[in-house]
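The first residue of the sequence shown is numbered 1, and numbering continues consecutively from there.
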Amino acid sequence: MSTLTDRYIAEVVRRLPDGQSEDISAEIAATIDDMVAAELDSPVDGAAAPDPDSVERAVLGRLGDPAALARRYSGARPYLIGPEVYPTWLRVLRWLMPIVGALAALASAIVYVATAPQAELGGLIGEVVSGVVSALLWAFAAWTLIVVIVERTTPEGGRNPFTTSAAWDPSELDHPRARPDTRIDAVVSLNLLALLAAVPFVPSTFLYIGHLNGGESLVNPDIPAAWLAGYLVLIGALALVQIWRLARPGRSRRRLAVEVVTDVVFGAFLTVLVLSQDSVIHPDIVSTGGDDLSTAAIRWSVIATVWVIVVWDQAETLRAHRRDTAAAR
C-alpha cells in the first residue's frame with residue numbers, strides 16, 4: 001500500500017471503536033488493493049498503461065469521504081431523531097407546544113397578578129413572554145430527550161414504542177387528517193377569550209390610567225350584575241366551541257352553525273348592552289362633560305368595533321371551513 005492509501009485507512013479507523021479498527025483496516029486495505037488491481041489489469045484498448053498513482057486516487061475517490069465510510073462501518077446514526085420515530089416525535093410536538101404555551105401563559109399571568117403590588121400591562125407582558133418561552137424550550141428539550149434516549153437504548157431489532165407501525169391500511173384515507181393549524185387557531189382563540197373574560201375585572205392601573213378613576217375597573221361599575229353574568233356565559237359558550245374544535249378538528253357543519261350563531265348572538269348582546277347603558281366604560285375615563293355628541297360617538301365607535309370583529313371572525317371561520325372541505329375531497 002502507498003502512503004496515500006495508508007492515510008486514507010488511518011482517517012477511517014480513527015473514527016471507529018478500538019475493537020473494530022484492526023479488522024476493518026485490513027478489509028479496507030484488501031478492497032483498495034483489489035480495486036486498483038482490477039483497474040490496472042483491464043486497460044482500455046489502444047491506450048497507454050494507466051498510471052498506478054492516478055488509479056489509486058480514482059479508487060479512493062470512489063470510496064468517498066473517510067468519515068462517511070467510517071459511519072457506514074460503525075453503524076453510527078448521523079441524526080438526533082431517527083426517521084422511524086420522527087413522525088411520532090413531530091405529532092406529539094404539534095400537540096404539546098400549543099398546550100404548554102397556553103398553560104404557561106395562563107400560569108404566568110395568574111402568578112404575576114397575584115404577587116405584583118400593582119399589576120401593569122408592561123409587567124404582565126414581560127412575565128408572560130418569559131414564562132412561555134421558558135416553558136416551550138423545556139417542553140421541546142424534555143420530549144426530544146425522551147425520544148432520543150428510548151431510541152438509543154432500544155436493542156437492534158427490538159420494538160421501539162415510538163416507532164410507527166409498518167402496516168398501513170388504505171382505509172386511513174377515508175378520514176383525512178386535520179390540518180395542524182386548526183388546533184393552533186383554537187388555542188389562540190381560547191387565549192383571546194380568556195382575555196375578554198378578564199376585561200370587566202381589570203383595574204385601570206393595569207393600563208397606566210389609574211389616575212383617571214382612582215384605580216377602579218375599566219368597566220362601568222354601575223352595569224347590573226345580570227349583564228356581566230350574560231357576558232361571561234356567552235364567552236363560556238364561545239370557549240366550548242373552541243374546545244370542541246380542539247378535541248375534534250376538521251370540518252363539521254354542525255359546529256360551523258353553532259359557532260356562527262354564537263358569534264352573532266354575542267355581537268348582538270354587546271350591541272344591546274352598549275345601547276342600553278349610559279356608558280360601558282368607567283365614566284371617569286371617558287368623561288365628556290355632558291357632551292351628548294361625544295357620548296354618542298364613543299357608543300357607536302364601540303358598536304362598530306364589535307361588529308367589525310364579528311364579521312372578520314365569521315369570514316375567517318367560513319374560510320377555514322371551505323379549506324377543510326376542499327382538503328377532504
Pairwise distance [atom1]([X]) to [atom2]([Y]) - rounded to 0.5 angstrom:
X    : Y    : atom1 : atom2 : result
E127 : S108 : CD    : OG    : 7.0 Å
L240 : L190 : CG    : CG    : 9.5 Å
I9   : L63  : CD1   : CG    : 9.5 Å
F140 : L96  : CZ    : CG    : 10.5 Å
D6   : S25  : CG    : OG    : 8.5 Å
L4   : D53  : CG    : CG    : 8.5 Å

Is atom CZ of R14 surrounded by more than 12 heavy atoms (other residues, nucleotides or ligands) closer than 6.0 Å?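 Buried by this count: over 12 neighbours within 6.0 Å.
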Is there a side-chain contact (heavy atoms from CB on, under 4.5 Å) between W307 and L270? Walk through the geometry before answering. CA-CA 9 Å; W307 283 104; L270 293 178; over 6 Å; no
How far apart are the closest heavy atoms of [X] and [Y], and which atoms are they?
X    : Y    : answer
F269 : G230 : CZ-C, 3.8 Å
I303 : V274 : CG1-CG1, 3.8 Å
P200 : S217 : O-CB, 3.7 Å
P98  : L93  : CD-O, 4.1 Å

Is the closest side-chain heavy-atom distance between P66 and R7 below 4.5 Å?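 The answer is no, as the side chains (C-beta and beyond) never meet within the 4.5 Å cut-off.
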Does some side-chain heavy atom of P221 sit less than 4.5 Å from a side-chain heavy atom of E216?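 In short, these two side chains touch, coming nearer than 4.5 Å.
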Within the side chain of [X], is there an N or O that forms a donor-acceptor pair under 3.5 Å with the backbone of [Y]?
X    : Y    : answer
W89  : V147 : no
N220 : I281 : no
T262 : V258 : yes
S134 : G131 : no
Y231 : L196 : yes
R299 : D278 : yes
T271 : G267 : yes

Does the side chain of Q314 come under 3.5 Å of the side chain of E259 through a donor N or O and an acceptor N or O?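 No donor-acceptor contact under 3.5 Å links the two side chains.
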If two hydrophobic side chains count as joined below 4.5 Å and joins carry through other members, does [X] share a cluster with [Y]?
X    : Y    : value
L90  : L137 : yes
L228 : V306 : yes
L234 : V261 : yes
V219 : L275 : yes
I146 : W138 : no

Take V148 and W143, measure what side-chain contact (heavy atoms from CB on, under 4.5 Å) needs, and give me the verdict at the end. CA-CA 9 Å; V148 170; W143 171 236; over 6 Å; no
Could you tell me whether R62 and E39 make a salt bridge, using a distance below 4.0 angstrom between a side-chain N and a carboxylate O?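 The answer is yes: the pair qualifies as a salt bridge.
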Should I223 and L273 be marked as a side-chain contact (heavy atoms from CB on, under 4.5 Å) after you check the CA-CA gap, both sets of side-chain angles, and the distance that decides it? CA-CA 9 Å; I223 295 177; L273 172 61; 4.1 Å; yes
Kindly indicate, with the supporting measurements, whether the criterion side-chain contact (heavy atoms from CB on, under 4.5 Å) is fulfilled by R254 and W244. CA-CA 11 Å; R254 183 187 305 172; W244 181 5; 4.0 Å; yes
